[in-house]
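Computed over heavy atoms, backbone and side chain alike; hydrogens, waters and symmetry mates excluded.
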Amino acid sequence: QVQLVESGGGLVQAGGSLRLSCVASGRTSSRYVMGWFRQAPGKEREFVSGIVRSGTSTKYADSVKGRFTISRDNAKNTVYLQMNSLKPEDTAVYYCAASRDILVLTTLGAYDYWGQGTQVTVSS
């Protein structure tokens with residue numbers, strides 16, 4: 001079992017930055033591929049970014065490429081999502097997730113554990 005707790009969300013103006021954190025407890029996060037998803041009001045939850053266990057490979061949704069950066073510190077059981085040049089369309093609840101798979105997959109079903117989410121609101 002892995003428990004995931006996100007933090008770092010908040011209200012920011014367009015063009016601003018936020019850094020989300022996800023701390024894993026229970027089994028060490030280094031055993032898992034980690035991902036970030038988001039869900040805007042009235043929309044389905046969507047993949048944002050993911051990182052393999054070693055941190056050597058990452059994947060991003062086209063909508064965030066060049067603006068968001070995912071990283072992990074396995075010694076701290078923590079995954080980060082640095083979000084720059086934020087846009088109003090980035091407004092959503094952001095969820096951290098852990099997968100027992102080897103590769104970064106973009107589908108919700110590939111992830112075994114989920115956090116409760118943290119709200120990110122970008123004002124125009």
Side-chain angles (χ1 to χ4, degrees):
Q1 283 283 349
V2 176
Q3 294 78 43
L4 304 172
V5 178
E6 305 95 335
S7 63
L11 174 64
V12 64
Q13 288 188 331
S17 298
L18 284 174
R19 188 176 82 154
L20 305 183
S21 298
C22 172
V23 179
S25 60
R27 290 196 166 187
T28 57
S29 63
S30 61
R31 296 171 179 258
Y32 301 92
V33 166
M34 300 299 293
W36 286 97
F37 288 74
R38 67 186 181 186
Q39 187 167 18
K43 294 188 177 182
E44 295 185 349
R45 194 171 298 188
E46 64 177 4
F47 173 80
V48 175
S49 182
I51 187 167
V52 297
R53 300 173 189 181
S54 64
T56 56
S57 179
T58 59
K59 182 178 289 187
Y60 297 92
D62 288 343
S63 58
V64 307
K65 277 181 184 176
R67 301 188 298 122
F68 290 11
T69 302
I70 190 171
S71 61
R72 67 190 299 164
D73 184 340
N74 287 338
K76 295 181 178 180
N77 284 327
T78 302
V79 178
Y80 304 98
L81 186 68
Q82 178 67 44
M83 306 187 295
N84 298 329
S85 303
L86 283 162
K87 305 175 181 179
E89 51 264 43
D90 294 318
T91 295
V93 177
Y94 283 71
Y95 297 90
C96 176
S99 171
R100 288 190 288 252
D101 212 300
I102 296 175
L103 303 176
V104 174
L105 300 178
T106 62
T107 55
L108 275 68
Y111 291 80
D112 305 287
Y113 304 101
W114 292 84
Q116 294 299 306
T118 185
Q119 176 71 47
V120 171
T121 303
V122 184
S123 63
S124 57

Partners of F68 by ring-ring contact (aromatic ring centres under 6.0 Å, His included), sequence neighbours excluded?
none

Output the distance between atom OG1 (T69) and atom OH (Y60), rounded to the nearest 0.5 Å.
4.5 Å

Quick check: is L105 connected to W114 through a chain of hydrophobic side chains (ILVMFWY, heavy atoms under 4.5 Å apart)?
no

Should we say atom CD of Q39 is surrounded by more than 12 heavy atoms from elsewhere, each under 6.0 Å from it?
yes

Spell out, as yes or no, whether a donor-acceptor pair under 3.5 Å connects the side chain of T56 to the backbone of S54.
no

Side chain proximity check, V79 to I70, heavy atoms < 4.5 angstrom
yes

Full working for side chain to side chain contact (heavy atoms under 4.5 Å, CB included) between D101 and Y111
CA-CA 8 Å; D101 212 300; Y111 291 80; over 6 Å; no

Can you find a heavy atom in the side chain of Y113 that is under 4.5 Å from one in the side chain of R100?
yes

What pairs meet the ring-ring contact (aromatic ring centres under 6.0 Å, His included) rule with one or both residues in residues 90-110, with sequence neighbours excluded?
none

So C96 and W36, side chain to side chain contact (heavy atoms under 4.5 Å, CB included) or not? Walk me through it.
CA-CA 5 Å; C96 176; W36 286 97; 4.0 Å; yes

Under 3.5 Å, sequence neighbours excluded: what are the donor-acceptor pairs made by side chains of residues 10-19?
{"residue": "S17", "atom": "OG", "partner": "N84", "partner atom": "OD1", "Å": "2.9"}

In terms of side-chain geometry, is the basic nitrogen of K65 or D62 positioned less than 4.0 Å from the acidic oxygen of its partner?
yes

Quick one: pull up CG in N77 and CZ in R31 and give me the separation to the nearest 0.5 Å.
10.5 Å

Assess the residue pair K59 and T106 against the criterion (side chain to side chain contact (heavy atoms under 4.5 Å, CB included)); give the C-alpha distance rounded to whole Å, side-chain angles, the decisive distance to 0.1 Å, and a yes or no.
CA-CA 9 Å; K59 182 178 289 187; T106 62; 3.8 Å; yes

Quick check: closest heavy atoms across L4 and A98, and the distance to 0.1 Å?
CD1-N, 3.8 Å

Could I get the full list of ring-ring contact (aromatic ring centres under 6.0 Å, His included) partners for Y80, not counting sequence neighbours?
none

Starting from the C-alpha separation in whole Å, work towards a yes-or-no answer on side chain to side chain contact (heavy atoms under 4.5 Å, CB included) for R38 and D90.
CA-CA 9 Å; R38 67 186 181 186; D90 294 318; 2.9 Å; yes

If I compare all heavy atoms of A24 with all of V2, which pair ends up nearest, and what's the gap?
CB-CG1, 4.0 Å

Quick check: does any side chain N or O of N74 sit under 3.5 Å from a backbone N or O of R53, one acting as donor and the other as acceptor?
yes

For a quick test of reading the model, state the closest non-hydrogen atom pair linking M83 to L86 and the distance between them.
CB-CD2, 3.8 Å

Listing, residues 117-124 side-chain donor-acceptor contacts under 3.5 Å, not counting sequence neighbours, or none:
{"residue": "T118", "atom": "OG1", "partner": "G9", "partner atom": "N", "Å": "3.2"}
{"residue": "Q119", "atom": "NE2", "partner": "A92", "partner atom": "O", "Å": "3.4"}
{"residue": "Q119", "atom": "NE2", "partner": "T121", "partner atom": "OG1", "Å": "3.3"}

Sorted by chain and number, sequence neighbours left out, salt bridge (Lys or Arg N to Asp or Glu O under 4.0 Å) with R45 holds for none

Is the shortest heavy-atom distance from the side chain of S49 to the side chain of L81 under 4.5 Å?
yes

Would you say V23 ends up clustered with Y32 if hydrophobic residues are merged whenever their side chains have heavy atoms under 4.5 Å apart, either directly or through other cluster members?
no

Quick check against the 3.5 Å criterion: does R72 have a side-chain atom that pairs as donor or acceptor with the backbone of G55?
no

Working to the nearest 0.5 Å, report the span between CE of M34 and OG of S71.
11.5 Å

Donor-acceptor under 3.5 Å (S57 side chain, V52 main chain)
no

